[in-house]
Each structure stands twice: as structure tokens, then as C-alpha cells.
Amino acid sequence: MKSASFAHRRAIIAGMWLAAALLPMAAFADTLLHVGNLDTHLALQAGPSAPRLLRLSGDAGPAWTGTVAATLIDRARVNGRNVPLHWRFNRVASRVRADSVSLVYDTAHPHLRLTWEWRARAPRGPLEHSIRIENRTAQELWIPLQDSFRFGWKLATNQALQQLWIDKGAGEAPPVGTHLQEVAEGYRWRGTSSSYAHPSKGEPREIIPYMLVRSPGDAASNGWYLGVEFSGRVAMQLQRHGDVLEGRAGLDPEPGPFRTRLLPGASFTTPTVFLGASRGSVDDAGNALRRWVRRVLNDPRTLRDPAYPLLTNNSWGSGMAIGESQAQRMIDDSAALGFEMFHLDAGWFRGVGDWVPDPAKFPHGLAALADDAHRHGLKFGLWVDWAQAGDSTRPDAMSVAHAATRDWLTTDPPPGWKPGEFKGITIDIGQPAAARWVSNELDRLVRDYHLDMLEHDGYVIAQGCDRADHPHATCDPKGVHRYEDQGFLWQDGPNSTDVSYHAARAYENIYRALRRQHPGLLLEICNDGGRMVDFGSASVGDYFSIVDAYDPLTNRQAFYDASHVLPSAMLETYVAQWPTPRIENFRYMLRSGMMGWFTLMLDTTKWSRAQHDDAIEELRLYRTVLRPLIREADLYHVAPRADGMGWDGVEYIDASRGRGVLYAFHGADRHDTSHAFVLKGLQPQRRYRLHFHDGSSGDKVVLGSVLMRTGVEVTLPLPDSSELVLLQAL
């Protein structure tokens with residue numbers, strides 16, 4: 001019955017696509033247009049002056065009925081004068097294909113063309129939407145902010161709803177992180193994402209740009225989710241009044257007013273959004289989205305590489321003091337332990353913006369060190385804060401001392417300015433010459449230093465810029481806010497969104513070009529730990545550093561949050577020095593960073609023999625058992641978010657292979673020594689063998705329905721300890 005139902009839905013969708021594709025152009029404005037896949041279906045209409053989303057539905061449950069037409073920009077500024085725009089549907093230029101709908105609207109004076117597009121890039125998951133505005137005149141003009149997506153849904157009286165959103169890890173895990181809020185009458189919410197927020201300085205915490213709206217409950221819940229695929233300044237809004245639920249997503253209009261330049265023949269494209277129908281629990285929605293991100297946004301190489309995610313040893317446990325001899329010792333020990341990559345963090349370079357090895361620390365250079373790692377069977381990764389300028393006088397450095405590069409800075413430094421140890425002044429990579437320098441410099445770093453992985457850190461997408469000769473809008477000096485921290489300068493102002501728009505587009509282009517030049521290169525997205533955890537970076541990078549604190553509790557909290565929406569294999573947590581008086585505490589420390597991409601940030605040559613031997617077993621288990629599940633399995637949050645005292649844990653289950661694992665963690669509470677984890681995603685009538693890897697209980701065989709009703713009990717008397725319960729269907 002399942003396969004017949006699947007085939008039936010596929011036939012219906014194929015029929016809708018074919019019918020739409022065969023429509024005569026004259027019928028466009030009067031006929032429903034359909035686009036969708038097996039999970040998400042949209043009904044659209046081409047109105048005479050604006051398109052309209054009429055209905056969103058999934059493969060089950062009631063549809064969401066649209067109440068508003070798309071909001072298109074209504075003016076442009078030409079020769080210093082505001083000119084109203086009157087959009088008219090262009091039937092001839094519009095297209096309906098099997099997997100996409102593109103509706104085209106034109107204005108005559110000035111001649112602009114707007115393309116409103118929806119497309120399905122995979123058989124399952126959400127659909128993507130973007131708007132492109134082309135300047136078809138021979139003169140420069142300016143346009144105001146065009147939202148990526150505005151929506152309005154008709155609600156039933158007293159319809160109960162919830163909204164889920166996720167905070168970024170950033171400097172440290174947030175106090176809540178995963179929010180599930182009732183959406184009642186009068187509800188108003190706004191979330192923002194950029195790469196700069198500093199909650200520790202009182203700034204609002206930013207979100208991973210995503211929200212899920214659903215009816216309460218699990219199995220019967222019906223809802224939808226929306227995300228933004230962009231690493232610049234974006235905002236999402238949701239509000240409820242009367243029988244309408246409405247909101248927007250796209251570039252952040254604040255601080256405003258926003259405007260952006262369109263040169264003759266140029267175009268502006270809104271950040272792509274994705275919209276999907278959901279059915280079931282919060283984790284069901286997350287599993288569907290994670291599979292789509294892996295298939296559509298991630299580099300296809302990682303889907304094929306069984307060694308992804310890599311076990312990595314990083315040098316930052318020694319901070320800026322790292323040198324050649326210590327790095328060589330770490331490479332030797334990394335290979336003996338079973339790691340797969342050695343990652344040289346900050347401290348290797350001569351100065352900020354001067355990305356060559358410090359000859360005093362690395363007398364033989366980095367290529368020799370990389371070659372040594374390769375001889376040991378390890379990949380070699382490198383930290384670079386490539387968008388930062390320092391004060392080096394070396395001719396090839398990015399420096400405030402050089403007239404040729406000084407104009408690429410976002411602002412002039414004050415007299416006597418000096419960079420920090422690894423931070424300087426951000427350059428505006430939206431400036432084409434700066435972007436070319438970065439592209440050439442990254443290509444040189446990869447080639448000259450034999451890199452397998454490149455990590456960017458710091459701030460690569462400018463927050464604001466006071467230059468008048470860059471492509472972005474000019475900033476009114478009265479609205480500028482300037483900040484300084486450890487030698488690093490940044491600012492924001494009324495043009496900040498346009499600055500970040502151009503810089504984010506340049507960032508995407510730079511990294512996609514780098515992939516073409518070096519197809520085997522891995523790219524880590526760091527940005528001061530978790531400030532660029534977003535879907536735009538997911539489309540150009542391979543994994544994220546999700547938080548900038550590294551203790552076991554913080555790692556589990558940050559993973560709990562981000563794993564609701566992003567693939568576990570992309571979520572890197574760094575494991576740093578932490579008190580481990582007993583071997584159980586040592587395992588607890590390691591496993592708290594082993595639920596996704598595992599990176600150790602310790603000098604393992606200082607471990608005891610017992611710790612060495614235990615780490616070898618933990619890394620072996622990760623490679624052979626845990627990694628395949630992290631890559632392919634569904635994930636369920638089967639306990640509350642970690643608080644450091646009680647119990648927490650996550651479950652992976654690969655239903656097709658009947659395999660899974662429960663990560664069980666016991667915090668500092670000495671009295672609460674056992675906990676029953678109610679599992680999810682199992683086959684009720686199937687029996688499962690449970691193996692407690694550390695031997696905290698004996699093996700047992702339990703029916704799936706029992707595990708999903710009463711759970712599996714784990715007993716751990718020792719505080720700050722853990723257990724891995726391996727599941728195998730019989």
C-alpha cells in the first residue's frame with residue numbers, strides 16, 4: 001500500500017506539471033498554476049499586476065490558503081527623482097516547466113523586468129523561491145527593498161498554532177536556544193541573522209534564519225516551514241491578528257531606509273527562500289529538512305564520501321603559541337590515535353593580513369608540515385581570517401599601510417591603530433578589486449601550503465562601510481555606529497544591509513570559484529564560532545563551527561539547537577581541556593563533541609596512557625558505527641536540552657538498515673542516577689537488540705513498541721558520565 005500511495009501521489013503531481021506546461025499563454029492569468037514535489041505543493045496565479053500564492057499543501061492534512069498577492073516594489077529613483085512603477089504581466093516571457101514556474105512582470109518607464117520564480121530541486125522537501133529585477137534601461141537607477149517573500153494565511157477561528165525558531169550558538173550557547181512558542185491573537189515576532197551579533201555586549205541574539213509554524217501535537221500536526229539561504233543581513237517576521245497569519249522574510253529593512261544601485265543591464269536578486277509543508281513532530285520536520293539540505297545545498301562530494309565527517313585534531317588548545325615542533329608531535333599522535341585530519345589554527349602567520357608562515361615558529365614553512373601530515377595518512381587544514389587587514393609593510397599583505405588596498409577597508413583606522421593578535425579591519429569584499437585579491441590569495445594558500453581544508457574565521461561579510469566609491473549605497477555619517485574590540489574595528493549604519501548584500505554575494509562567488517579550482521577542498525565556516533550558521537553558508541561550505549565555547553555542556557546545548565534544522569554531519573563542536581579525574585568523565589567530554597563533526601582541541605601527547613587507549617576505542621567506534629548514522633540516519637531529540645545537572649540525550653535511527661544509537665548523558669546531579677529514554681522512529685512490531693557499549697547494563701532484546709512507549713532505562717551513578725546504547729533490529 002505504501003508504494004502504491006507513493007506512485008499515486010507522483011502521478012498526480014506529474015499530471016499537474018504536465019497540465020500547467022501545456023497551458024496556452026493566454027490562459028495564464030485565469031488559471032491555477034501548480035508546482036510541487038512529493039512533500040510540498042503550491043497553487044499559484046498570475047495576476048495582471050502581481051502574482052499570487054493561493055494555496056500551500058502537503059501530502060496529507062488541510063491546505064494553507066493564501067490571502068495576499070505578492071508585494072512588488074512600487075518605485076525606483078531615476079536621475080534623483082522617484083518614479084512610480086506599474087507592473088504588467090508578460091505572458092510571452094513567463095514559463096511553466098515540470099519543476100518550476102517563472103512569472104514575468106515588466107514596467108515600461110523605466111523598463112524593468114521582474115521574474116517571480118518557484119522551483120523544486122528535489123523529489124521531497126521544500127520548494128525554493130526568488131525574485132530577480134533587471135534594469136533594461138541605459139541608465140543607472142536605485143530601487144528600494146524587495147522582500148524575498150511576503151505571506152498571509154487564512155486561519156480558522158481559535159486555530160491553535162506554535163512557532164519554532166532556533167538561536168545561533170555564536171560566542172556561547174544561548175540560555176534557551178530552541179524556542180517553541182504559542183502563536184495566539186496579537187502575537188508578533190521578529191528574528192534577524194547576520195554575522196556580527198554580540199549577545200555578551202547586550203545585542204539581541206540572532207537566529208538561524210528559519211521558522212516552523214505548526215498545530216500542536218506530534219503525529220497529527222500540520223504546518224509549514226520557511227528559511228532564507230543567505231549569509232548577509234536578513235530578517236523574518238510573523239504576526240497574528242484576527243483570522244490572518246502574516247509575515248515576511250528577506251533582507252533586513254532595519255536600519256533603513258534600504259536602497260540598492262542597479263547599473264544598466266544589471267540585475268538584483270533577492271535572497272532565495274525555501275518553503276515546505278510539514279507533517280508530524282518537530283523532529284519529523286527537521287529530518288525532512290536535513291535530508292533536503294544534504295541533497296540540494298551541500299556539496300555532492302560529501303554525499304559520496306564515507307569518511308565525511310572527518311575526525312579532526314586542532315592546534316588551538318595551545319592558542320597562538322603553536323610552533324612547528326609541537327605541530328609535528330601532534331601529527332604523529334593524531335595518526336596513532338586514528339584521527340583523519342590535522343588542523344593548524346591561528347598562530348602560524350606573520351601578522352593579520354600577512355598570511356605567510358612566521359619563520360621563527362615554522363622555519364620549514366607550511367608545505368613541509370602538510371606533506372608530513374599526508375605521509376601520516378592525515379589531511380591538512382588551515383585557519384585563515386582572510387577578510388582582515390593589518391598593518392604589515394610586506395608588499396603582498398592586506399594592510400592599512402598600502403594605498404592600493406586601503407580603500408578596500410570598511411573604514412579608516414584611527415591614528416596609531418594596531419591590529420589584535422588575529423583580528424584587524426574587515427575589508428569590503430563587495431568591492432570587486434578586493435574580491436579579486438581574496439580569490440587570488442585563497443588560491444595561493446591552497447596551492448602553496450598543500451591544503452585539504454580551509455577554515456575562515458572572523459568577519460568576512462562586512463557589517464557596514466563608510467566608503468562612497470564602493471558598489472553599495474553610501475552611508476549617512478549621522479547614522480553610523482562604530483565599535484572597537486581588541487584592535488578590531490567595525491561599524492553599522494543605514495546602508496548596512498546593502499553593504500552586506502554585496503559582500504555576501506561576493507562571498508558566495510569567491511567560495512564557489514575556489515571549489516571549482518580545488519574540487520577536493522573542504523571548507524569550514526567559523527566566523528567567531530557560530531555567527532554564520534545559516535543556509536547560505538551551507539550551500540558553499542562543508543561544515544560549521546557552531547559555538548565558540550568548548551566545554552561538554554555548551555557543546556551539547558549548541559548541538560541540540562542547531563541539529564533541529566541542519567545536518568548533524570555539518571555541526572562541528574570543538575572539545576577543549578576540561579577536568580576529567582576519571583575515565584568516565586573523559587568519555588563524557590569526548591562524546592559531548594561526537595554527535596556531529598568531532599574536532600579535538602587538545603595536545604594529545606599530554607594524555608595518560610589510559611586516556612590514550614580509551615580515545616583510540618572512542619575514535620574507532622565513531623568511524624565504524626557512529627559516523628554512518630551521523631551521515632545518514634534520522635535524528636530525534638529524546639530528552640530535554642542539557643542543563644548540566646539532569647539527563648539529556650539524542651537518538652539516531654536508520655530505519656532502512658534497522659540500526660541506531662542513543663547518546664545518553666548524566667549531568668552533575670548525584671541523586672538522579674537513572675533515566676528512561678523514550679525512543680522514536682522505530683518499527684513497532686520489530687524487536688531490537690540493545691547493546692550498552694560501556695556495560696552499564698547487559699544486552700537485551702525489546703519490542704519497538706515498548707521502546708517507544710516506556711523507553712530504555714539507563715543507569716549511571718557517576719556524575720558527568722555517559723553511555724552509548726547501540727540498537728540493531730532483528
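Counting begins at 1 with the first residue of the sequence. These values consider heavy atoms only, across backbone and side chains, with no hydrogens, waters or symmetry-generated copies.
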(message) Any carboxylate oxygen within less than 4.0 angstrom of a Lys/Arg side-chain nitrogen, looking at Arg444 and Asp396?
(response) no

(request) Would you indicate whether the side-chain heavy atoms of Phe274 and Leu226 approach each other to under 4.5 Å? (result) no

(request) May I ask you to decide whether Arg119 forms a salt bridge with Asp99, counting only side-chain N to carboxylate O separations under 4.0 Å? (result) no

(message) If we count only N and O atoms by modelled type, under 3.5 Å, do the side chains of Asp106 and Trp87 hold a donor and an acceptor together?
(response) no

(request) Starting from the C-alpha separation in whole Å, work towards a yes-or-no answer on side chain to side chain contact (heavy atoms under 4.5 Å, CB included) for Leu514 and Leu454. (result) CA-CA 10 Å; Leu514 190 64; Leu454 178 76; 4.0 Å; yes

(request) State whether the side chain of Asn509 and the backbone N or O of Arg505 hold a donor-acceptor pair below 3.5 Å, judged by distance alone. (result) yes

(request) Considering non-hydrogen atoms only, spot the tightest contact between Pro471 and Arg261 and give its length. (result) O-NH1, 2.6 Å

(request) Consider only side-chain N and O atoms of His241 and Glu246, and report whether a donor and an acceptor are under 3.5 Å apart. (result) yes

(request) Write down the atom of Leu212, the atom of Ser278, and the distance for their closest heavy-atom approach. (result) CD1-OG, 3.6 Å

(request) Flag the pair Arg88 / Pro48 as yes when at least one side-chain heavy-atom distance between them is below 4.5 Å, and no otherwise. (result) no

(message) Quick one, Ser130 with Thr269, criterion side-chain hydrogen bond (donor to acceptor under 3.5 Å, both in side chains). Give me CA distance, side-chain angles, the key distance, then yes/no.
(response) CA-CA 7 Å; Ser130 62; Thr269 303; over 6 Å; no

(message) Assess whether a salt bridge exists between Arg132 and Glu134, defined as any Lys/Arg side-chain N lying under 4.0 Å from an Asp/Glu carboxylate O.
(response) yes

(request) Can you sort out the partners of Phe544 under ring pair (Phe, Tyr, Trp, His ring centres under 6.0 Å), two or more places apart, ordered by chain and number? (result) none

(request) Would you please classify the geometry between the Trp116 ring and the His129 ring as parallel, tilted or perpendicular, with 30° and 60° separating the classes? (result) perpendicular

(request) Measure from the side-chain N and O atoms of Thr426 to the backbone N and O of Ala462, and report whether any donor-acceptor pair falls under 3.5 Å. (result) no

(request) For the residue pair Arg294 and Pro567, establish whether any side-chain heavy-atom pair is separated by less than 4.5 Å. (result) yes

(request) State whether a side-chain donor-acceptor pair under 3.5 Å links Thr260 with Asp498. (result) yes

(message) Please determine whether a side-chain nitrogen of the Lys or Arg among Glu128 and Arg121 lies less than 4.0 Å from a carboxylate oxygen of the Asp or Glu.
(response) yes

(message) Applying ring pair (Phe, Tyr, Trp, His ring centres under 6.0 Å), can you list everything that pairs with Tyr511, at least two apart in sequence or on another chain?
(response) Trp386, His456, Tyr507

(request) Would you mind telling me which of Ser194, Ser537, Ser195, Ser539 makes a side chain to side chain donor-acceptor pair (under 3.5 Å) with Ser231? (result) Ser537

(message) Under 6.0 Å between ring centres: does that hold for Phe349 and Trp383?
(response) yes

(message) I'd like to check Trp153 versus Val244 (side-chain heavy atoms, cut-off strictly below 4.5 Å). Are they in contact?
(response) no

(request) Check the side chains of His518 and Asp443 for a donor-acceptor pair under 3.5 angstrom, ignoring hydrogens and angles. (result) yes

(message) Strictly distance-based, threshold 3.5 Å: is any side-chain N or O of Ser500 a donor or acceptor partner for the main-chain N or O of Arg233?
(response) yes

(request) Among Leu289, Asp534, Val533, find the one that has a side chain to side chain contact (heavy atoms under 4.5 Å, CB included) with Val565. (result) Leu289

(message) Is it the case that the side chains of Tyr187 and Gln163 hold a donor-acceptor pair, with the cut-off being a distance below 3.5 Å and no angle test?
(response) yes

(request) Compute whether any side-chain donor of one residue and acceptor of the other, for Arg113 and Thr107, lie under 3.5 angstrom apart. (result) no

(request) Could you tell me whether Arg248 and Asp147 make a salt bridge, using a distance below 4.0 angstrom between a side-chain N and a carboxylate O? (result) yes

(message) Do Trp292 and Arg290 make a side-chain contact, defined as non-hydrogen atoms from C-beta onward lying under 4.5 Å apart?
(response) no

(message) Could you check whether any side-chain N or O of Gln146 sits under 3.5 Å from a backbone N or O of Ile73, counting only pairs where one atom can act as donor and the other as acceptor?
(response) yes

(message) I'd like to know if the side chain of Arg95 and the backbone of Val92 have a donor-acceptor N/O pair within less than 3.5 Å.
(response) yes

(message) For a 4.5 angstrom cut-off between non-hydrogen side-chain atoms, does Ile525 reach Tyr543?
(response) no

(request) Answer yes or no: is there a donor N or O on one side and an acceptor on the other, between the side chain of Ser545 and the main chain of Glu572, under 3.5 Å? (result) no

(message) Working to the nearest 0.5 angstrom, can you tell me the gap between Asp407 CG and Gln431 CD?
(response) 6.0 Å

(request) Look at the side chain of Ser94 and the backbone N and O of Leu103, then say whether any donor-acceptor pair between them is shorter than 3.5 Å. (result) no

(request) Indicate yes or no: at least one non-hydrogen side-chain atom of Leu145 is less than 4.5 angstrom from one of Pro257. (result) no

(message) Minimum heavy-atom separation for Asp428 and Ala503, please, with both atom names.
(response) OD1-CB, 4.3 Å

(request) Can you establish whether the number of heavy atoms outside Arg136 located under 6.0 Å from its atom CZ is more than 12? (result) yes

(request) Please report the closest heavy-atom contact between Thr405 and Ser399, naming both atoms and the distance. (result) OG1-O, 2.8 Å

(message) So, using side-chain hydrogen bond (donor to acceptor under 3.5 Å, both in side chains) as the criterion, who are the partners of Arg515 when residues are at least two apart?
(response) Asp299, Asp542

(request) Taking Ser496 for its side chain and Gln463 for its backbone only, find out whether a donor-acceptor pair lies under 3.5 Å. (result) yes

(message) Could you check whether Lys418 pairs with Asp391 (Lys NZ or Arg NE/NH1/NH2 to Asp/Glu carboxylate O, under 4.0 Å)?
(response) yes

(request) Could you verify whether a donor N or O on one side chain and an acceptor N or O on the other, from Arg52 and Gln45, lie under 3.5 Å apart? (result) no

(message) With rounding to the nearest 0.5 angstrom, report the CD1 to CD distance, Ile131 to Glu117.
(response) 11.0 Å

(request) Flag the pair Arg190 and Glu254 as a salt bridge only when some basic side-chain nitrogen lies within less than 4.0 angstrom of an acidic carboxylate oxygen. (result) yes

(message) Less than 6.0 angstrom from the centroid, inside 45 degrees of the normal: does Arg77 satisfy that with respect to the ring of Trp142?
(response) no

(request) State yes or no: are the ring centers of Phe230 and Phe535 separated by less than 6.0 Å? (result) no

(message) Let's go through Glu206 and Arg531 carefully: what are the C-alpha distance in whole Å and the side-chain angles of both, what is the deciding distance for salt bridge (charged side-chain N to carboxylate O under 4.0 Å, His left out) to 0.1 Å, and is it a yes or a no?
(response) CA-CA 8 Å; Glu206 293 188 334; Arg531 288 183 171 87; over 6 Å; no

(message) Would you compute the distance between atom CG of Leu263 and atom CG of Leu141 and round it to the nearest 0.5 angstrom?
(response) 9.0 Å

(message) One pair to check against ring pair (Phe, Tyr, Trp, His ring centres under 6.0 Å): Phe149 and Trp118. What are the steps and the verdict?
(response) CA-CA 11 Å; Phe149 182 50; Trp118 289 91; 5.7 Å; yes

(message) With no hydrogens and no angle check, just 3.5 Å: does a side-chain donor-acceptor pair link Tyr459 and Asp528?
(response) yes

(request) Spell out, as yes or no, whether a donor-acceptor pair under 3.5 Å connects the side chain of Asn527 to the backbone of Asp457. (result) no

(message) For a 4.5 angstrom cut-off between non-hydrogen side-chain atoms, does Pro126 reach Leu275?
(response) no

(request) Please determine if Asp412 and Arg467 form a salt bridge, counting it only when a charged side-chain N lies under 4.0 Å from a carboxylate O. (result) yes

(request) Check whether the side chains of Asp252 and Thr497 place a donor and an acceptor atom closer than 3.5 Å, and report yes or no. (result) no

(message) ring pair (Phe, Tyr, Trp, His ring centres under 6.0 Å), that's the test. Do Trp224 and Phe151 meet it? Break it down for me.
(response) CA-CA 12 Å; Trp224 53 271; Phe151 59 88; 5.1 Å; yes

(message) Any side-chain to backbone donor/acceptor pair from Arg406 onto Val400? Under 3.5 Å, distance only.
(response) yes

